[in-house]
Amino acid sequence: TALSAYDAVLTAVDGLVAAKVLVPGTPRALGVQKALITARDALQAASAAQRAGSSATYFEAIANASVAFRQIQSILKGN
(Lines give C-alpha, C1' and ligand atoms only; values in the text may rest on other atoms or scores of the structure.)
Protein backbone atom coordinates (compact mmCIF):
# COMPACT_ATOMS: atom_id res chain seq x y z
CA THR A 1 0.00 0.00 0.00
CA ALA A 2 0.97 3.62 -0.28
CA LEU A 3 1.37 3.96 3.48
CA SER A 4 3.74 0.99 3.48
CA ALA A 5 5.78 2.71 0.79
CA TYR A 6 5.89 5.87 2.88
CA ASP A 7 7.07 3.88 5.90
CA ALA A 8 9.76 2.23 3.78
CA VAL A 9 10.98 5.63 2.57
CA LEU A 10 11.11 6.90 6.16
CA THR A 11 13.13 3.86 7.18
CA ALA A 12 15.52 4.39 4.27
CA VAL A 13 15.94 8.07 5.11
CA ASP A 14 16.62 7.20 8.75
CA GLY A 15 19.30 4.78 7.56
CA LEU A 16 20.88 7.43 5.34
CA VAL A 17 20.96 9.85 8.26
CA ALA A 18 22.48 7.22 10.56
CA ALA A 19 25.13 6.48 7.93
CA LYS A 20 25.80 10.22 7.59
CA VAL A 21 24.94 10.09 3.89
CA LEU A 22 22.09 12.52 4.48
CA VAL A 23 23.07 15.28 6.89
CA PRO A 24 20.24 17.04 8.75
CA GLY A 25 19.96 20.75 7.99
CA THR A 26 21.64 20.58 4.59
CA PRO A 27 19.72 21.71 1.50
CA ARG A 28 19.49 18.08 0.37
CA ALA A 29 18.06 16.93 3.71
CA LEU A 30 15.65 19.86 3.84
CA GLY A 31 14.44 18.99 0.33
CA VAL A 32 13.83 15.40 1.40
CA GLN A 33 12.02 16.63 4.51
CA LYS A 34 9.78 18.91 2.47
CA ALA A 35 8.93 16.10 0.03
CA LEU A 36 8.24 13.70 2.92
CA ILE A 37 5.79 16.20 4.40
CA THR A 38 4.12 16.62 1.01
CA ALA A 39 3.83 12.85 0.62
CA ARG A 40 2.45 12.44 4.14
CA ASP A 41 -0.12 15.17 3.62
CA ALA A 42 -1.17 13.69 0.27
CA LEU A 43 -1.56 10.21 1.79
CA GLN A 44 -3.65 11.64 4.61
CA ALA A 45 -5.81 13.42 2.03
CA ALA A 46 -6.19 10.17 0.10
CA SER A 47 -7.26 8.37 3.23
CA ALA A 48 -9.84 11.05 4.02
CA ALA A 49 -11.13 10.96 0.43
CA GLN A 50 -11.44 7.20 0.57
CA ARG A 51 -13.45 7.42 3.79
CA ALA A 52 -15.69 10.04 2.18
CA GLY A 53 -16.13 7.93 -0.95
CA SER A 54 -14.58 10.51 -3.27
CA SER A 55 -12.65 8.53 -5.86
CA ALA A 56 -11.59 11.60 -7.88
CA THR A 57 -10.07 13.27 -4.82
CA TYR A 58 -8.49 9.97 -3.77
CA PHE A 59 -6.73 9.47 -7.11
CA GLU A 60 -5.60 13.10 -7.17
CA ALA A 61 -4.10 12.74 -3.69
CA ILE A 62 -2.36 9.48 -4.62
CA ALA A 63 -0.93 11.19 -7.70
CA ASN A 64 0.39 14.01 -5.50
CA ALA A 65 2.00 11.46 -3.17
CA SER A 66 3.61 9.75 -6.17
CA VAL A 67 5.09 13.05 -7.32
CA ALA A 68 6.52 13.61 -3.83
CA PHE A 69 8.04 10.11 -3.80
CA ARG A 70 9.69 10.80 -7.15
CA GLN A 71 11.03 14.10 -5.79
CA ILE A 72 12.60 12.25 -2.86
CA GLN A 73 14.13 9.73 -5.23
CA SER A 74 15.51 12.50 -7.43
CA ILE A 75 16.99 14.40 -4.47
CA LEU A 76 18.64 11.29 -3.09
CA LYS A 77 20.10 10.46 -6.51
CA GLY A 78 21.51 13.98 -6.68
CA ASN A 79 19.40 15.12 -9.63
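- The nearest pair of heavy atoms linking Ala39 to Ala65 is O-CB, 4.2 Å.
- Scanning both residues, Ala68 and Ala35, for their nearest heavy atoms gives CB-O, 3.5 Å.
- Linking Ile, Leu, Val, Met, Phe, Trp and Tyr whenever their side-chain heavy atoms come within less than 4.5 Å leaves Ile37 and Phe69 in two separate clusters.
- Both Val32 and Val21 are members of a single hydrophobic cluster when ILVMFWY side chains are connected at heavy-atom separations under 4.5 Å.
- Here CG of Leu36 is found 4.0 Å from CD1 of Ile72. Values are rounded to the nearest 0.5 Å.
- Counting all heavy atoms, side chain and backbone alike, Leu22 lies closest to Arg28 at CD1-CG, 3.9 Å.
- A continuous path of ILVMFWY side-chain contacts below 4.5 Å connects Leu10 to Ile62, so both sit in one hydrophobic cluster.
- Distance check: Asn64 CG to Phe59 CZ gives 13.5 Å after rounding to the nearest 0.5 Å.
- Cluster annotation: Val13 and Leu3 are assigned to the same hydrophobic cluster (Ile/Leu/Val/Met/Phe/Trp/Tyr, side-chain heavy-atom contacts under 4.5 Å, transitive).
- Between Ile75 atom CD1 and Arg70 atom CZ the span is 13.0 Å, to the nearest 0.5 Å.
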